[in-house]
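Each ligand, and each atom within it, is numbered from 1 in the order the structure gives. Throughout, residue positions are numbered sequentially from 1 according to the sequence presented.
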Amino acid sequence: MYTDYKNHLTSVLNEIKEAGLYKNERIIVSPQGAEIELNSGQKVLNFCANNYLGLSNNPSLIEAAKTSLDDHGYGMSSVRFICGTTDLHKELEKKIAEFFNTEDTILYAACFDANGGVFEPLLTEEDAIISDALNHASIIDGVRLCKAVRYRYENADMADLEKQLQLARAQRFRLVVTDGVFSMDGNVAPLDKIVELANKYNAMVMVDESHSAGVVGKTGRGVTELYNITGKVEIITGTLGKAFGGAIGGFTTGKKEIIEILRQRSRPYLFSNSIPPMVAAAGIRMIEMMTETNVLQDKLHWNAEYFITAMTKLGFDIKPTKSAICAVMLYDAKLSQEFAAKLLKEGIYVIGFYYPVVPKGQARIRVQLSAGHQKSHLDKAIGAFEKIGKDLGVIN
Ligand SMILES: *Cc1c(COP(=O)(O)O)cnc(C)c1O
């Protein structure tokens, strides 16, 4: 039996390779950071991590994790409701709610699980979900697991959202769901307008702050802070795997009764293991740090502005962004691969994105800025972009 199936898989793998879509993983032998070492021995500057605040190798978080290994052990070997809840889990949930000014929080093993488990317990076939066309895969999967009627609006298109909300008046309850920052362009969802429309059509709002928490807004509290609408959305999801330390874990935070139902009914919460106490302990320390000082956000915002200004001045075509994501548009898939390969030779690690990750003819290099970058790192990257951009005829 396996022979036939093996041949089938081999031919699928070959198709992926022939289409130039095969993903190879580079192997890193150092901690995550602005400067990393690859297994080839090459040291490179990393501009493609979600390590927005440079916390992935932060000494204070490492210390908090180590301390908790001594006093809370390594793993929980249980889901939360059996014997997998420690004081650290409860404290982290409380701290996340305080940070976002919400009522309660529920932790998951990942934001993929938070999104996978949020819709099905809350909405039925009588209800409607109105979803942005560019929402993250985990939202799309979560919506699929739910029986609610689905409506889709074009990315950040408020006229289309209004049209869908009018159609969704046929259902009992309505939930509009959007990413806070869309990861391919770095654009921010117009959440102020979304909330306004939701109010007009008696709908609730959910925002996934995975790429915006810690990043967007003066103090990093995300898109609700940016638009001054803290407390005006019912559900926020987010990850501990990006700006917030980069280890693992996700959360849903929002209205008390919503979180309470999720604890009773959300399948990835009920049937999947508790996050390790060390991750909760480091998470608590991380939120404390963000509450004590704004230096990391300030540095990230300065770095993003500096890099984007310099690249624009050089003549690169940059997608409008309000986040720490800077999409350098090259349009051609092969060019984006070649450009990224040449940048790696210059010691700059970035990735070319092309179809099917982005629409055809929209190939780009996505640069992600971090508070962990020094000005010298930014200057080196800008210099490398200038050199290769001229070599390849992208800029003059
Ligand atoms: C990265 C990401 C996720 C998944 O987060 P994990 O915690 O890594 O599972 C979910 N939603 C969005 C918008 C993301 O960018």
Side-chain angles (χ1 to χ4, degrees), residues 23 25 32 48-53 55-56 89 92-93 96 100 105-119 129 131-146 152 155-156 175-191 194 205-217 220 222-224 226 233 235-254 262 266-269 272-276 279-280 282-283 286-287 321-327 351 353 357-358 366-370:
K23 292 175 199 67
E25 294 172 3
Q32 185 64 276
C48 56
N50 299 317
N51 185 19
Y52 293 118
L53 296 175
L55 291 176
S56 303
H89 293 90
L92 177 57
E93 288 178 338
I96 291 173
F100 288 102
T105 306
I106 176 173
L107 294 171
Y108 288 84
C111 187
F112 209 105
D113 290 329
N115 287 335
V118 70
F119 303 104
I129 298 171
S131 178
D132 188 289
L134 291 190
N135 277 343
H136 190 263
S138 55
I139 293 178
I140 295 169
D141 286 7
V143 171
R144 279 188 189 138
L145 292 171
C146 170
R152 203 179 83 130
N155 179 230
L175 176 66
V176 180
V177 53
T178 181
D179 281 15
V181 162
F182 296 92
S183 65
M184 285 303 137
D185 288 6
N187 59 316
V188 170
L191 202 62
I194 291 174
V205 175
M206 165 176 154
V207 58
D208 178 342
E209 298 264 26
S210 287
H211 276 287
S212 39
V215 175
V216 172
V223 177
T224 57
L226 182 72
V233 304
I235 304 171
I236 294 173
T237 60
T239 181
L240 302 175
K242 291 185 171 114
F244 284 175
I248 192 82
F251 57 85
T252 301
T253 189
L262 293 177
S266 180
R267 291 163 69 85
Y269 184 79
S272 190
N273 201 25
S274 228
I275 61 167
V279 171
M286 178 273 303
I287 301 271
T321 176
K322 276 188 197 157
S323 63
I325 291 169
C326 169
I351 298 283
F353 285 89
V357 181
V358 294
R366 184 179 72 175
V367 177
Q368 290 172 285
L369 285 315
S370 166

Relative to each other, are the rings of F112 and H136 parallel, tilted or perpendicular (30° and 60° limits)?
-> perpendicular
Residue, atom and distance of the protein heavy atom nearest atom 9 (O) of ligand 1 read F112 N, 2.9 Å
From the options T252, T239, D208, select the one residue that forms a side-chain hydrogen bond (donor to acceptor under 3.5 Å, both in side chains) with N115.
-> D208
Polar proximity ligand 1 side, H211 side, N/O cut 3.5 Å exclusive = yes
Atoms of ligand 1, numbered as shown, that sit under 4.0 Å from any heavy atom of K242 = 1 (C), 2 (C), 3 (C), 14 (C), 15 (O)
Can you tell me the protein heavy atom closest to atom 3 (C) of ligand 1 and the distance?
-> H136 CE1, 3.4 Å
Quick one: does L262's side chain get under 4.5 Å of Y108's, heavy atoms only?
-> yes
Flag side-chain contact, heavy atom, 4.5 Å: I235 against V205 = no
Contacting atoms of ligand 1, where contact means under 4.0 angstrom from a heavy atom of G249 = 7 (O)
Min side-chain heavy-atom separation I325-D185 under 4.5 Å | no
Which atoms of ligand 1 are found less than 4.0 Å from any heavy atom of T239?
-> 5 (O), 6 (P), 7 (O)
Between C111 and ligand 1, which part of the residue brings a heavy atom under 4.0 Å of the ligand: side chain, backbone, both or neither?
-> both
Which of the atoms in ligand 1, numbered in the order shown and given with their element, are less than 4.0 Å from a heavy-atom of D208?
-> 10 (C), 11 (N), 12 (C), 13 (C)
Using the ring of each side chain (for Trp, its six-membered ring), is F244 parallel, tilted or perpendicular to F251, with breaks at 30° and 60°?
-> parallel
Do S266 and V118 come close enough that some side-chain heavy atom pair is under 4.5 Å?
-> no
Mind checking whether G241 has an N or O less than 3.5 Å away from an N or O of ligand 1?
-> no
Those atoms of ligand 1 less than 4.0 Å from some heavy atom in D179 | 13 (C)
Ligand 1 versus N115: contacting region, heavy-atom distance under 4.0 Å = side chain
Ligand 1 atoms nearer than 4.0 angstrom to some heavy atom of S210 are 2 (C), 3 (C), 10 (C), 11 (N), 12 (C), 13 (C), 14 (C), 15 (O)
Side chains of F119 and R144 in contact at under 4.5 Å (non-hydrogen atoms) | no
What residues form a side chain to side chain donor-acceptor pair (under 3.5 Å) with S272, not counting sequence neighbours?
-> none
What part of S138, side chain, backbone, both or neither, has a heavy atom within less than 4.0 angstrom of ligand 1?
-> side chain
